[in-house]
Undergrad: 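Got a structure for you, written out below as structure tokens; questions coming shortly.
Quick caveat, the model's predicted, so the values are computed rather than measured. Order of the sequence lines fixes the chain letters, A, B, ..., with proteins taken first and strands second; residue numbering starts at 1 for each chain. Quick note: numbers below take in every heavy atom, side chains included, and nothing from hydrogens, waters or symmetry partners.
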Amino acid sequence: MKTSRFFINTLRESPNDAEIISHKLMIKAGLIRKNASGIYSWLPLGLKILRKVENIVRKEMEACGAQEVLMPGVVPSELWIESKRWEEYGPELLRIEDRHSRAFCLGPTHEEVITSLVRNEITSYKQLPINFFQIQTKFRDEIRPRFGIMRAREFLMKDAYSFHTSQKSLDATYSEMFNAYSNIFKKLHLEFRAVIADTGNIGGSGSHEFHVLADSGEDFIASNESGSYAANLEMVGLNQKLRESDKSEKSNEIIETPNVRTIKEVAKFFNTTIQNCIKTLLITDGDNYFCICVRGDHEINFVKLKKLLTVEKELTMASEKDVFNIMGCPIGSVGPMTKKCPVYVDNDAFNCIDFVCGANLEGFHLQNANWDRKQIKKIADIRNAVDGDPSPDGNGILKIKKGIEVGHIFKLGTKYSNSMKAFVTDSNGDSIPMIMGCYGIGISRIVAAAIEQNHDENGIIWPPPIAPFLCAVVPINSKKSQLVNEQAEKIYQQLSELNIEVILCDQNKRPGVLFSDLDLMGIPIRIVLSEKNIKNGKMEIKLRKDNEIVLWDLNHIQSFVKKFQSGEIG
RNA sequence: CGGGGCGUGGCGCAGCCUGGUAGCGCACCGCAAUGGGGUUGCGGGGGUCGUUGGUUCGAAUCCAAUCGCCCCGACCA
């Protein structure tokens with residue numbers, strides 16, 4: 001490809017609504033343009049990248065036996081009513097009507113459609129297991145789309161659905177898909193973790209998320225060094241032992257603590273550690289209030305807490321007003337010694353002796369406080385894991401990292417096959433619901449995640465497998481030098497013949513402009529041809545991710561390509 | 001949904017307070033010079049100032065409504 005024939009439009013400044021680096025770079029490099037909040041057009045350069053990700057995913061799906069289908073983006077409401085999700089899914093489901101006032105939605109996921117398809121096509125256990133996938137635009141009407149393509153309303157997703165007659169068969173396919181996903185991220189050259197995940201409201205018995213590691217990630221994932229354990233932070237179950245001795249010699253003293261509110265301030269005031277302070281948080285599900293106590297250095301894990309409290313609704317922190325009304329003191333003075341609502345204590349908090357906590361009296365804290373079991377409703381694992389906690393599988397300690405969720409696989413079970421009556425006849429002649437698995441990958445999100453993981457101050461640094469062009473050929477001052485022109489064209493031809501995706505900068509722009517554009521666009525290999533070097537039989541090769549420039553024999557581009565492809569270089 | 005902010009050529013912004021008929025940088029077009037990290041000079045084209053209504057002789061500017069966009073909204077416990 002030549003730049004004279006390929007649309008590239010880079011910007012010097014990014015629009016002010018771009019927040020994170022991948023969003024800024026995608027706009028500056030001219031990969032995407034916004035049409036509305038969370039809705040984007042892909043320009044040719046961006047689409048090339050998107051297609052590469054898509055094809056890597058497609059190949060891997062096909063390699064593990066999944067078959068591609070394409071379902072509609074506009075889905076009739078009947079299917080969603082059947083699965084009960086027309087009510088359950090909430091406002092993220094964009095509902096529309098046709099000219100006959102018939103209700104449809106824009107598909108945010110396709111369990112309903114695939115289940116309806118399969119129940120009509122598959123009737124015998126002999127046709128199973130089977131695994132269908134599609135790569136398709138999804139729409140989820142997010143409350144707050146942000147971060148560009150990272151959390152868009154319209155996005156490209158690969159979703160696969162498998163059908164089985166036994167749990168064993170589902171387990172086998174699930175594990176194949178797990179491996180396929182791992183292969184995909186390896187082939188994309190992305191650093192990732194597969195982690196144990198919450199099944200959330202999709203339900204089912206098992207689930208893993210795939211995260212691309214990046215500092216800007218919104219999810220926290222915990223893993224040990226050996227890699228034998230990795231989980232979403234919300235899923236990390238800790239098994240601390242409770243201390244045996246229950247008593248302390250000391251008894252509460254109430255101390256006036258003017259203007260001391262935060263745990264840090266409290267610890268400083270009492271000249272103790274934050275580990276020896278107890279945070280008491282008032283949590284509500286909208287109807288009931290709960291006193292939750294964790295150590296000063298710990299945070300509540302709402303997934304665990306929700307299970308512990310066996311509440312249906314989402315839990316939130318009580319408002320300042322509510323806290324005052326219920327506890328009779330401001331937030332900063334709340335303490336666990338109360339009968340005003342049930343008290344739940346985290347294991348590690350319970351293990352504290354002679355600790356400091358709020359006194360439920362404005363401007364006062366308790367010193368040398370100790371637990372009274374009678375006042376505690378439950379002692380349990382309520383907190384988030386932190387760096388250094390022992391790994392739940394017993395191997396080493398945990399480290400917390402940030403990740404971007406790019407894949408999620410579920411064992412669905414029979415939730416949809418039951419509600420939508422997707423039955424097959426088994427070998428005994430009985431009609432049984434098919435057991436299902438579902439497997440999603442955010443294709444467009446991977447593009448953004450890859451940038452979050454691979455960039456520098458000058459722009460994107462594409463992993464070669466998804467670079468829009470692997471190589472750029474830059475003739476210096478080609479307008480004036482026939483020699484440079486000819487050589488550039490020659491190298492361009494040679495690379496093309498070697499099946500290298502190459503772009504020739506044939507528009508006689510200034511070198512500075514070209515270099516910064518190529519850096520911004522993240523082209524992995526840059527080959528520069530100048531009169532001086534050509535006369536010495538050399539060309540200049542620089543990798544985007546390195547600063548080094550090497551001079552290479554002009555006649556041996558093949559040897560460079562070979563070395564690059566074998567991994568010897570780069 | 002609550003709080004905050006912003007809508008002015010494709011992009012980034014100024015002008016608004018104190019009303020007088022729109023400006024800067026980038027990008028774009030033409031000419032010339034320049035030619036290894038966003039070069040310089042000269043000359044151009046492009047905007048009903050988000051929309052609607054109001055005040056006024058006169059509105060980008062003041063008032064009202066409306067639409068859109070962005071940010072924050074779970075740690076003072």
Undergrad: When both hydrogen-bonding distances must be under 3.5 Å and the geometry is Watson-Crick or G-U wobble, what is B:rC1 paired with, if anything?
TA: B:rG73
Undergrad: Give every donor-acceptor pair under 3.5 Å between a side-chain atom in residues 144-156 of chain A and any protein atom, sequence neighbours left out.
TA:
| residue | atom | partner | partner atom | Å |
| --- | --- | --- | --- | --- |
| A:Arg151 | NH2 | A:Glu218 | OE1 | 2.6 |
| A:Arg151 | NH2 | A:Glu218 | OE2 | 3.1 |
| A:Arg153 | NE | A:Ser37 | O | 2.9 |
| A:Arg153 | NH1 | A:Asp141 | OD1 | 2.9 |
| A:Arg153 | NH2 | A:Ser37 | O | 2.9 |

Undergrad: Closest approach to the side chain of A:Lys279, judged atom by atom: which nucleotide of B:rA77, B:rG35, B:rG38 is it?
TA: B:rA77
Undergrad: Does the side chain of A:Arg144 get closer than 4.0 angstrom to OP1 or OP2 of B:rC1 through an N or O atom?
TA: no
Undergrad: Under 4.0 angstrom, heavy atoms only, what part of the nucleic acid is A:Ile292 near: base, sugar-phosphate, or nothing?
TA: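 If one applies the 4.0 Å heavy-atom cut-off, A:Ile292 turns out to touch nothing in the nucleic acid.
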Undergrad: For a 4.5 angstrom cut-off between non-hydrogen side-chain atoms, does A:Pro468 reach A:Trp462?
TA: yes
Undergrad: Quick one: which of B:rC69, B:rG38, B:rG37 gets closest to the side chain of A:Asp17?
TA: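 Selected nucleotide (nearest to the side chain): B:rC69.
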Undergrad: Please classify the nucleic acid contact of A:Glu299 as base, sugar-phosphate, or nothing, using heavy-atom distances under 4.0 Å.
TA: base
Undergrad: Between A:Arg146 and B:rC72, is there a side-chain N or O to OP1/OP2 distance below 4.0 Å?
TA: yes
Undergrad: Which base sits across from B:rC31 as a Watson-Crick or G-U pair, both distances under 3.5 Å?
TA: B:rG41
Undergrad: May I ask you to verify if any side-chain N or O of A:Arg510 is less than 4.0 angstrom from the OP1 or OP2 atom of B:rU39?
TA: yes
Undergrad: Filter on ring pair (Phe, Tyr, Trp, His ring centres under 6.0 Å), then keep only pairs touching residues 518-554 of chain A, sequence neighbours left out; what's left?
TA: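 Checked against ring pair (Phe, Tyr, Trp, His ring centres under 6.0 Å) - neighbours excluded - the pairs reaching residues 518-554 of chain A are A:Trp552-A:Phe560.
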Undergrad: A:Phe302 has a side chain; which of B:rA74, B:rC76, B:rC69 sits nearest to it?
TA: B:rA74
Undergrad: Assign A:Arg526 to base, sugar-phosphate, or nothing according to its heavy-atom contacts below 4.0 angstrom with the strands shown.
TA: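 Base, at least one base atom sits under 4.0 Å.
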Undergrad: Has A:Ser37 got a side-chain N or O lying under 4.0 Å from the OP1 or OP2 atom of B:rG68?
TA: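 The answer is no; no side-chain N or O of A:Ser37 sits under 4.0 Å from OP1 or OP2.
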Undergrad: When only distance counts, do a donor and an acceptor, one from the side chain of A:Asn477 and one from the base of B:rG36, lie under 3.5 Å apart?
TA: no
Undergrad: With 3.5 Å as the limit, what N/O pairs link the protein to nucleotides 3-11 of chain B?
TA:
| residue | atom | partner | partner atom | Å |
| --- | --- | --- | --- | --- |
| B:rC11 | O2' | A:Glu13 | O | 3.3 |

Undergrad: Just grab all the side-chain hydrogen bond (donor to acceptor under 3.5 Å, both in side chains) pairs involving residues 510-525 of chain A, residues at least two apart or on different chains.
TA: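 Residue pairs passing side-chain hydrogen bond (donor to acceptor under 3.5 Å, both in side chains), neighbours aside: A:Thr10-A:Asp517.
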Undergrad: How many Å lie between CD1 on A:Ile143 and C1' on B:rG2, as a whole number?
TA: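 Whole-Å distance recorded here is 13 Å.
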Undergrad: Give none if B:rC26 has no partner; otherwise give the nucleotide forming a Watson-Crick or G-U wobble pair with it, both distances under 3.5 Å.
TA: B:rG10
Undergrad: Side chain to side chain contact (heavy atoms under 4.5 Å, CB included) with A:Asp287: which residues, sequence neighbours excluded?
TA: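 A:Asp285, A:Lys313.
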Undergrad: Kindly determine whether A:Glu234 and A:Asn301 satisfy side-chain hydrogen bond (donor to acceptor under 3.5 Å, both in side chains), including the steps that lead there.
TA: CA-CA 6 Å; A:Glu234 61 189 20; A:Asn301 178 315; over 6 Å; no
Undergrad: Find the distance A:Asn325:CG to B:rA77:C1' and express it as a whole number of Å.
TA: 16 Å
Undergrad: Do NZ/NE/NH1/NH2 and the carboxylate oxygens of A:Glu540 and A:Lys532 come within less than 4.0 Å?
TA: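 So A:Glu540 does not pair with A:Lys532 through a salt bridge.
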Undergrad: With both distances under 3.5 angstrom, what nucleotide forms a Watson-Crick or G-U wobble pair with B:rU61?
TA: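 Per the H-bond distance test, none.
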Undergrad: If you compare every side-chain N and O of A:Lys34 against the phosphate oxygens of B:rC70 (OP1, OP2), does one of them come in below 4.0 Å?
TA: yes
Undergrad: Regarding A:Thr262, tell me which of base, sugar-phosphate or nothing describes its non-hydrogen contacts under 4.0 Å with the strands shown.
TA: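 The residue A:Thr262 makes sugar-phosphate contact but no base contact.
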Undergrad: Can you list everything that forms a ring-ring contact (aromatic ring centres under 6.0 Å, His included) with A:Phe269? Sequence neighbours excluded, please.
TA: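 A:Phe269 satisfies ring-ring contact (aromatic ring centres under 6.0 Å, His included) with no other residue.
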